[in-house]
Amino acid sequence: MLSITKFRTDPDLIAAGILAKGETVNIDEIIKLDEKYRNQVTELNAMRAERNQTSEQIARQKRAGEDASVAIKAMRELSDKIKSTELETGDILTEINNKMEYIPNLPHKSVPRGQDATDNVIVREWGQEPEFDFKPLNHLQLGTDLELFDFNRGAKISGSGFPLYTGLGAKLERVLINFMLDQHVENYGFLEIFPPFMTRRDSSRTTGQLPKFAEDMYHTDVDDLFLIPTAEVPVTNIHRDEILSETDLPKYYVAYSACFRREAGSYGKDTRGLLRLHQFNKVELVKFVRPEDSYQELESLTAQAESILQKLGLHYRVVELCSGDLSFSAAKCYDLELWAPGEQKWLEVSSCSNFEDFQARRGNIRYRRTADRKVDFVHTLNGSGVATPRLLVALLETYQTEDGTIILPPVLHEYMGIREIK
RNA sequence: GGAGAGGUGGCAGAGCCUGGCUGAAUGCGCCGCACUCGAAAUGCGGUUUACUCCUAGAGUAACGGGGGUUCGAAUCCCUCCCUCUCCGCCA
């Protein structure tokens with residue numbers, strides 16, 4: 001949620017930002033509504049002040065045993081007027097808030113302007129493209145041959161997009177999750193969280209999935225719960241409606257969760273294997289930080305996510321999203337993309353975003369500054385650290401050998417108890 | 001699923017029966033000052049948030065959400081949501 005004050009003081013900035021995100025919003029309409037709202041509030045305040053004064057007078061008269069019927073009679077009329085104005089004012093405020101809920105966050109000034117993914121900027125590349133003296137297979141072929149997963153049976157059980165990992169595939173999945181959690185906890189001081197996988201409506205609103213993207217989520221009708229599309233939802237809501245102490249910041253959380261996405265509208269895209277799924281596993285990093293630190297924290301967050309890929313020795317690149325490709329809630333975002341030699345393409349395995357105070361406003365997540373004891377919204381950030389399916393794709397395809405054996409990178413040897421999968 | 005209790009400030013917890021001087025006692029925490037070489041302890045003072053207005057300053061709102069009764073609601077009534085306890089069922 002953006003601050004309504006900004007609409008008043010700097011409407012052009014808002015307009016430019018929303019435009020850069022490729023959306024259209026009727027800003028004048030909101031400004032007009034806000035003006036109307038404030039006029040009503042001023043009027044209301046005056047009437048209420050009068051009511052309070054007269055009320056006190058009535059109380060005084062009654063205590064003194066005097067007759068207060070004249071004042072009471074006059075108040076009856078005023079009270080009705082107040083009530084009707086309150087109703088009207090409430091409606092206007094609701095209308096404003098409803099509109100505000102659908103307005104995206106603005107891109108940070110450093111974000112390159114652009115329309116879509118083709119305007120994204122490659123910031124850096126790490127490692128070397130693996131070379132093969134044979135034609136590398138894709139993960140589907142490799143995994144099927146080694147019986148690491150079974151998509152047909154997964155589809156039989158739950159439908160397409162629900163992977164069934166088997167044997168060493170299941171173990172590798174578990175090991176990767178453990179490895180990533182351990183790295184973030186031990187090296188960067190993240191607090192490990194195991195969150196609920198279903199959340200209430202309010203929680204999904206904080207992070208921006210609701211109300212705009214309801215159709216992307218799985219929902220249970222009877223209990224009105226939403227299956228989380230990312231651990232970002234429950235973890236960011238840990239501090240909803242709280243006032244943190246500045247000395248508590250920054251707070252770093254890392255959480256594993258299964259992620260559930262309906263992927264409505266993306267049928268036919270990346271349908272093969274593990275590239276796009278309805279259910280997948282992800283380790284998510286979430287930060288609550290002071291506003292003045294958030295852009296520095298975004299850089300370190302990205303580096304922390306990258307460290308996983310580096311330790312696994314995978315070739316990747318960091319892409320800075322252009323304004324038009326940014327998600328609804330993000331002000332700035334880096335994607336990490338792994339090179340998959342079998343697929344012959346870059347696969348997004350992480351998005352590291354700074355939401356500034358956008359989510360904090362929605363979730364009312366604040367902190368008290370030490371210097372002046374004032375409260376202010378925190379900045380929230382999160383990044384995948386990282387998602388497993390595409391990581392597994394790149395891992396299998398990168399470390400394959402001609403006979404189909406997978407030579408595991410050294411950091412996984414102890415976790416797996418073996419050095420290769422064959 | 002059955003029965004009951006409860007939702008008040010950063011936290012704990014009064015107030016609700018008996019509506020008005022209660023934005024809310026008290027304690028803890030926090031901030032400042034004093035004492036001290038320093039700290040602890042102690043003492044004194046301060047400490048909700050949001051909004052509106054032409055600033056100073058003033059005003060308004062908020063005691064889970066919404067509605068009602070009333071001149072006036074944290075307090076009375078209705079309704080929804082949430083939390084907890086006991087029983088049942090289940091991992």
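Throughout, protein chains are lettered first and strands after them, A, B, ... in sequence-line order, and every chain is numbered starting at 1.
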Please state how far atom [atom1] in [X] lies from atom [atom2] in [N], giving the value in whole angstrom units.
{"X": "A:Ile96", "N": "B:U52", "atom1": "CD1", "atom2": "P", "value": "10 Å"}
{"X": "A:Ile92", "N": "B:C51", "atom1": "CD1", "atom2": "C1'", "value": "15 Å"}
{"X": "A:Glu242", "N": "B:U49", "atom1": "CD", "atom2": "P", "value": "16 Å"}
{"X": "A:Arg240", "N": "B:G10", "atom1": "CZ", "atom2": "P", "value": "16 Å"}
{"X": "A:Asp241", "N": "B:C82", "atom1": "CG", "atom2": "P", "value": "15 Å"}
{"X": "A:Leu93", "N": "B:U52", "atom1": "CG", "atom2": "C1'", "value": "13 Å"}
{"X": "A:Ile243", "N": "B:U48", "atom1": "CD1", "atom2": "P", "value": "11 Å"}
{"X": "A:Arg361", "N": "B:U49", "atom1": "CZ", "atom2": "C1'", "value": "15 Å"}

Between [N] and [X], is there an OP1 or OP2 to side-chain N/O distance shorter than 4.0 Å?
{"X": "A:Arg201", "N": "B:C81", "result": "no"}
{"X": "A:Arg38", "N": "B:C53", "result": "yes"}
{"X": "A:Arg8", "N": "B:U52", "result": "yes"}

In whole Å, what separates the [atom1] atom of [N] from that of [M]?
{"N": "B:C86", "M": "B:U69", "atom1": "C1'", "result": "36 Å"}
{"N": "B:C44", "M": "B:U85", "atom1": "P", "result": "40 Å"}
{"N": "B:G67", "M": "B:A73", "atom1": "P", "result": "13 Å"}
{"N": "B:G13", "M": "B:G6", "atom1": "P", "result": "14 Å"}
{"N": "B:U22", "M": "B:C90", "atom1": "C1'", "result": "48 Å"}
{"N": "B:G9", "M": "B:A3", "atom1": "P", "result": "30 Å"}
{"N": "B:G10", "M": "B:G23", "atom1": "C1'", "result": "16 Å"}

If I take atom SG from residue A:Cys352 and atom CG from residue A:Leu381, how far apart are they, to the nearest 0.5 angstrom?
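It comes to 9.0 Å.
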
State the CZ-CD distance between A:Arg124 and A:Glu306, to the nearest 0.5 angstrom.
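Going from CZ on A:Arg124 over to CD on A:Glu306, the span is 4.0 Å.
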
Is there a Watson-Crick or G-U wobble partner for [N] with both distances under 3.5 Å, and if so, which one is it?
{"N": "B:G88", "value": "none"}
{"N": "B:U70", "value": "none"}
{"N": "B:A58", "value": "B:U52"}
{"N": "B:A14", "value": "none"}
{"N": "B:G38", "value": "none"}
{"N": "B:G32", "value": "B:C44"}
{"N": "B:U83", "value": "B:A5"}

Would you indicate whether the side-chain heavy atoms of [Y] and [X] approach each other to under 4.5 Å?
{"X": "A:Phe162", "Y": "A:Leu277", "value": "no"}
{"X": "A:Val349", "Y": "A:Asp335", "value": "no"}
{"X": "A:Thr230", "Y": "A:Ile228", "value": "no"}
{"X": "A:Tyr252", "Y": "A:Gln304", "value": "yes"}

Ion pair present between A:Asp80 and A:Lys83, side-chain N to carboxylate O less than 4.0 angstrom?
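Answer for the salt bridge query: no.
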
Candidate nucleotides B:G20, B:U49, B:C31, ranked by approach to the side chain of A:Arg373 - the nearest
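Per side-chain heavy atoms of A:Arg373, the pick is B:C31.
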
Classify the ring geometry of A:Phe328 against A:Phe213: parallel below 30°, tilted from 30° to 60°, perpendicular beyond 60°.
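Ring orientation of A:Phe328 relative to A:Phe213: perpendicular.
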
Of A:Asp376 and A:Asn39, the one whose closest RNA chain B nucleotide lies more 5':
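Closer to the 5' end of RNA chain B: A:Asp376.
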
Where each residue is assigned the nucleotide of RNA chain B containing its nearest heavy atom, which of A:Arg200 and A:Glu56 is assigned the position nearer the 5′ end?
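Here A:Glu56 is the residue nearer the 5' end.
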
Between A:Glu356, A:Glu320, A:Glu297, which is the residue that forms a salt bridge (Lys or Arg N to Asp or Glu O under 4.0 Å) with A:Lys332?
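For A:Lys332, the salt bridge (Lys or Arg N to Asp or Glu O under 4.0 Å) test succeeds with only one of A:Glu356, A:Glu320, A:Glu297, which is A:Glu320.
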
Nucleotides 55-74 of chain B: protein proximity per nucleotide (B base, S sugar-phosphate only, - neither; heavy atom, under 4.0 Å)
----BSS--------BBS--

